[in-house]
Structure formats: structure tokens, C-alpha cells
Amino acid sequence: MGIGDDLMLFEETVPERCRYRVQVILPVEGPYDYLAPDGGDEGERFLPLGQIVMVPVGKRILPGVIWGGEPDTSVPQAKLRQIEAITDLPPLKDELRQFIEWVASYTLFPRGSVLKMVLSAPQALESVAGQKLYRQGDTDTEDTSFRITPARQKVLDLLAGSGGWTAVELAREAGVSGSVIKGLEQAGVVEGYLEVPDFSFPLPPSGIKGPVLSEDQRAAADDLINKVRAGNFAAVVLDGVTGSGKTEVYFEAIEAALGEGQQILVLLPEIALSSQWLDRFEQRFGVRPAEWHSELTPALRRKTWRAVSEGKAPVVVGARSSLFLPYEKLGLIIVDEEHEASFKQEEGVCYHARDMAVVRARGCHCPVVLASATPALETMINVQNGRYERLVLSGRHGGAGMPDVELVDLRFDKPERLDSGQGWLSQALRGAIRQTLEAGEQAMLFLNRRGYAPLTLCRTCGHRLQCPHCTAWLVEHRRFSRLQCHHCGYSTRLPDSCPSCDAEGSLVPCGPGVERIVEEAKKLFPEARIGLMASDTMTSPAATREMIERIEKREVNLLVGTQVVAKGYHFPYLTLVGVVDADLGLFGGDLRAAERTFQLLHQVAGRAGRAEHKGRVILQTSDPQHPVMQTLKAGDRDKFLEIEAETRSRGGLPPFGRLAAVIVSGPEEAELDNFCATMARAIPTIDGARILGPAPAPLSLLRGKFRRRFLVMTRRSVAPQAVARSWLQGLKSPSRVRVVVDIDPYSFL
DNA sequence: AGCACGCCGACT
DNA sequence: GTCGGCGTGCTC
């Protein structure tokens, strides 16, 4: 500092504190400018790009990240506030910041919203001061003036057993006051030290041998290992039927990545159902991986986030949000069951975790493996284009063949039609169940519908019981004597009389849910030991485990379930699968309805006959000529994909064209329709793009909000993002009307 | 997303 | 006459 500082005449020549661009976790686009924090070098930047800081925003202090780009000089200096604090976390890597930018511009969500998914563990951002622990001091303290009182002795006895106590624990356990410990510390008899908490997950010991692989498993594994070691981007589809050993193959790739000192991310569709997967991992690698999902405790969240950012979580298994963790050295991504629709996030930032995983892998220069027995059509077309490679695992391990698939034709003019009052199980299916049970094997009845009956109506006036907040029927759950809405959670007692005409005892259930199938099965097979598995009967991991065990021990021999039974569990004595309503998923106008139905039924069918017994699958259908049924019967997955590709190609639908859904919602229908009309008038004419709508969204009333939907359809060469942006940027919606863009929509709800 | 500012009904 | 409802708009 020179003397001139005090004599500075012109304010504008005072050296400014340096401006930083900080991206905060608000749903806003651009970074905001902030002044360097206290203690920073005047006028000179010292915080690196990606540094995580805390900044004042309005009344609050929020996390933000030092971002690149030129400061916004249009914001007056006087408006700037100072960076509040610098966290002790490693800066976000360039690769992650670029990923955030990419996701934001692809999904059309503000950058701050995407960043928020990265900084999703507020606990993790707090500095880790560590806590003060106590142990025995160095024993050379032969200070004769220090008296060992009984209170002091108790403390010393405890510490002689083991160190690592906090003052509070020590005082409580010894029954002394804190001042005793303080006195001991002062005399040097006990020693206080700061323990930095250990935020790390164990590294699997190297050299644990996996099972011996078959020839094609070995070839696939070696290919993946080479790619991992090369350290380049590659997208590889691991294509093999259930039981072909995909998991063992990618475990080999994980082993190789561990050997390279890299981190591995495994994305699973539903982490809640993955305890079997975790057990399997532990068997293979001797340790448990880090988990990342919404049910983590705050403490584990913090530990995991920190460990990931410091490279101390070698393997992370998680739901889609684990894609946004700040990996220190990501060397491999696995997306298991890549076709699963639950990888598509539909709330908040809409993104598809499988597709974003490929983008992330590209940014990290590492391979990504997409594993499935029924790859998505998108994925297979990417294989055909040469964008993805494909490794095929043929055949089931252990010699079990694919099950035989039979169709039961339920049409009215066919002998197997179901007459009213007869129930939902055809003669053919009943016979097969009887045979199976008599042979001492297990049978499963699959119906992808929870509850007792999907619709309740009044015989007197025809009134249908509907959710007050959604365009949806209320589903009867007889176990609880309640009616439930499966979209918003609304629940009410089953009324005794019709709410519309007051007729007593006039309400009748229509159609079957799994509970009703259980009821029918009990009547038909009174001797059978029936078990029910649905998402609402498996409320805790313990309850799930118990049911699984009962099935494995054959305490259950007739299992009735929704799609939860299709996911991952394998029951060696199960030889018959009956699909009560194979057509169920085909309705609803979803462009992927056929594909999803095929995948689900294929997966359910795969439950039958894994061990020595050949399995048998019976599909009850009213549309036996449908390509889904025909290709399932023929066991010809690729034929199905071929037909589906042809259908979509003709319609210009994904992956041959591109889609963006524009959902407009609001609490007042008139205002909503009014604004939709304004939007419709503003639809631009763009070559290679069309915009359809507004149509009432299939659930035109959801959670008390009215919804309309536009659909942007483009040729592959035209980005729907650009179309949506140019259409919507000039339109400002009334405050109570919300417009959300969903790029690559999946659910058409 | 939060939080405050701002303009219209039932209470000390 | 105030307390408070949530509509609207901003946050460097």
C-alpha cells in the first residue's frame, strides 16, 4: 500500500475488488456476479473455476459455483454482493460443468436447476471441522503434583479400554462433569485430538476371482476390459436374455476399471428393488458399494457425496440422480436394464438418465455399457447406425431353454371367452395351474394392476367413482376397504351407498386387479398356498425379503403379482407364468405402448423355468394377431423390433423423428384454454417441424391442476429444442399458468 | 425455489 | 381501524 491510496481523487480509479461469475442453484439461467470474498487478493482472481462457494441471494445464503464467461458489466458495481464463504470441497471439474451446460441446453431447463441436481446434498457442503476426541496421553507425565481422584480414575479407566471418545460421551459414561476431562487434558494425562471423519468407501480387494465365464461371456468381458483400459469413450450395448450372465460380464469390466484406479457408476432403474443386486455385488467383490438414491439418510448422503468427490467411493450404485455426482475420476458407466422407462425423469428437470449417461461418458472419455435383455428400439437403432457397438450373449446359462409361450384367445366368438361372472382365468390357464401345482412346482399369475378393481360403478344410475383431483377412476383396495387414486394418492372409504343417487348396495366393482385374482384363485384352488406381491404390499425391505423367502422355500406355490415380480427376482421352482391380461399395456395412445408391453411380458415370461425345468407361459389376450403377441409366441424379439421400427418410421416417431411435449397447466380451466389458444396462434411455420395441439393431456386433471399438451414433432435433422424455444420465447404465460417442456417425452400422462 | 412486497376480508 | 390471505416479481 502506497501513500497515494489515501489521496485517490477519482472514485472510478479505486482498484475494484475482482468480480466473479457465480452460478447459483436458483431456477435461473445466467450466473450472477459477485465480489471476491474478504481476504482475497484485491483485483486479482484467486478462486478457480468450479470452486463451490456460498453466496448471499436475497435473504438467503445459497451454494453456487464459480462459472466461466465474462462478467456482466451491465450490473452496476453497487448492486454486487460479496462471496460469503469458500467451501473446502474440490472444485467441480470442467467435464462436469460442461455436462451441466449440455443438459441445460438440451432439456431447456435453466442452468441453475441442473446445477441444483449436482449440489443436491446440502449437508455435504458444510465444512467438516471434525470433532474433538479423547485418548490416553503420553505416559511420561510423571507429574507428582497431579492427583488421581476417583472421578479422574474412572475417566482414565474408560480411556485405557479404548480411545476415541467425545467429551460428552466420556463424561456421561464415567458419571463425571466435563471439567474433570478438561483438568486431565491440561495435565497432559489425556490427550484431545481432532478427528477428521473418514469419508471413504472400501476399495474391493483386487484379485477376487469371479465365476468361470462361458465362451461368449468371456469374449464380451474381454472386449469391455480392453475398452476400459483404453480409456476412450465407447457406447456398448450388452444384449443378452435373462440368465445369460450380463451382470457377471460387466462385473469383469468393473474389476478392470478398479484396477485402473477409476470410479465406476452403475445406474439401476429402481434402487429400492436392488438388494439382490447389492448382495450379488458383495459376493463378487467382498465389499458393499456406495449407494445413491432418495432414501439415504442425511449423514450417508454427506459421506457419499464427499467420498465421490474425493475419489474415495470406488463404485457407486444409484438411481438416475447419481449421474450428477461430482466423480473425481469416472472410468466406467453401466446402465443396467437400459430399456426401463423409470430412467426418464418427468418431474423437475426432464431428462433421460440412459441418454445422459452416454453424454457423460463422452465427456469423461470412458466407456458406457447399456445392458438389457430387451434393448429399447432407440438403442437398437443406434447400434444399426454404428453409434453404439453391440455385444451379444446368446442363450441362457445352465442349459435352461426359453419357455414355451401359448396364447389364449379371449375374443367373444372363441371357446375361451370369459363370460360375465365367470372370473378372469380361462379354462386353459386353470388347467395349467392345476397341473403345475400337482407336479409340486410353482405358478405365477401376472396382472399389472394393483388393488381389487380398477373401476367401481353404480348399477342404479351408472355413476362411476372418480378422483376429485384427477381424471382417473378410483381403484378399490379391498384389503383396506378403501378407494384410492393411483395418480395423486387420494384415498377415501368405500361408501355404502352411491354418492350420486344414494342407492344402497348398488356399487359394483368392474374389472380385475391383483387382489381380485387372489380371490378367484382361492376359490379355484383352495389347497394352493397363495402369495400376493404388489408395490403396495411390499412396503418395507423386510416385508419384501420375507415374501421372497417364502417363495424360495416354496411356502408359496401360487404367486399373484404386478410388475414388481418381473424385476430381477428369480425363483427356481417357478415353471408356469400366466398373464391375466396381456393387452393391458397396449391401450392409452402411448407411442411406446407396444414396446413396453413386449418388454414387460418378455421379462415376466423369463421368470418361468430357469433351472432344469422348461417353463410354460400362457398369455390371455383379446388380440392374438397383434405383433406383440405373435412375436412373443415365436420368441422372436428382433422381429418385434423390426415391426416396431417400421411402424415408428412411417409415423415419423422416435427414433426416426424427434419429439418435445409442451405441457401447459393451471388451476383454472378457462384461463388455461385461453392461453393455449394464444399459444396455438403463435405456432411458427418451420421446415421439418410441426406442432400439434392443444389437446387435453391424457390426465387432463392431475393433482387438482388442469393440463393441456402440445407436441412438437421434428425430422431427425431438426432439433425440437430450437423449435420450442423460438415458439415460446415471445410468449409470456399468465402467472398461474405453467409451461413446461419435456424433451423426448416418455410417459404421455 | 423462497421470500418480500402489495392490495382486499374478519378480528382484537 | 389492524392482521393476514396469497398473487406477482426478483434474486448479482
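Chain letters run A, B, ... following the sequence lines, proteins first, then strands; residues in each count from 1. If you're wondering where the values come from, they're calculated on a predicted model, not measured in any experiment.
- Look at CD1 on I66(A): it is 15 Å from P on dC12(C), rounded to the nearest Å.
- Spacing between atom CG of L80(A) and atom P of dC12(C) amounts to 9 Å, rounded to whole angstrom units.
- Evaluation of the ring-ring contact (aromatic ring centres under 6.0 Å, His included) rule for H477(A) yields H486(A) as partners, not counting sequence neighbours.
- Listed in residue order, the members of residues 47-60 of chain A having a heavy atom less than 4.0 Å from DNA chain C are P56(A), V57(A), G58(A).
- Taking the six-membered ring for Trp, Y351(A) and F324(A) have ring centres closer than 6.0 Å.
- Within 6.0 Å of CZ on R288(A) lie more than 12 heavy atoms contributed by other residues, nucleotides or ligands.
- For Y34(A) and dC12(C), the shortest distance from a side-chain N or O to OP1 or OP2 is below 4.0 Å.
- Taking the ring centre of F201(A) as origin, the terminal cationic atom of K303(A) falls inside the region bounded by 6.0 Å and 45° from the ring axis.
- Under the side chain to side chain contact (heavy atoms under 4.5 Å, CB included) rule, W292(A) has a single partner from T304(A), L300(A), V317(A), which is T304(A).
- With F233(A) as the aromatic partner, R362(A) meets the cation-pi criteria of under 6.0 angstrom to the ring centre and within 45 degrees of the ring axis.
- Per the geometry, CD1 belonging to I25(A) stands 18 Å off P belonging to dT11(C), to the nearest Å.
- The distance from atom CD of E29(A) to atom P of dC10(C) is 17 Å, rounded to the nearest whole Å.
- R21(A) has its CZ atom 14 Å from the P atom of dC12(C), to the nearest Å.
- One interatomic measurement links the two molecules: CG of L35(A) to C1' of dC12(C), which rounds to 9 Å at whole-angstrom precision.
- In this structure, CG of L115(A) is placed 20 Å from P of dT11(C), rounded to the nearest angstrom.
- L26(A) comes within 4.0 angstrom of a base, heavy atoms only.
- Atom CD in E347(A) sits about 15 Å away from atom C1' in dA1(B), given to the nearest Å.
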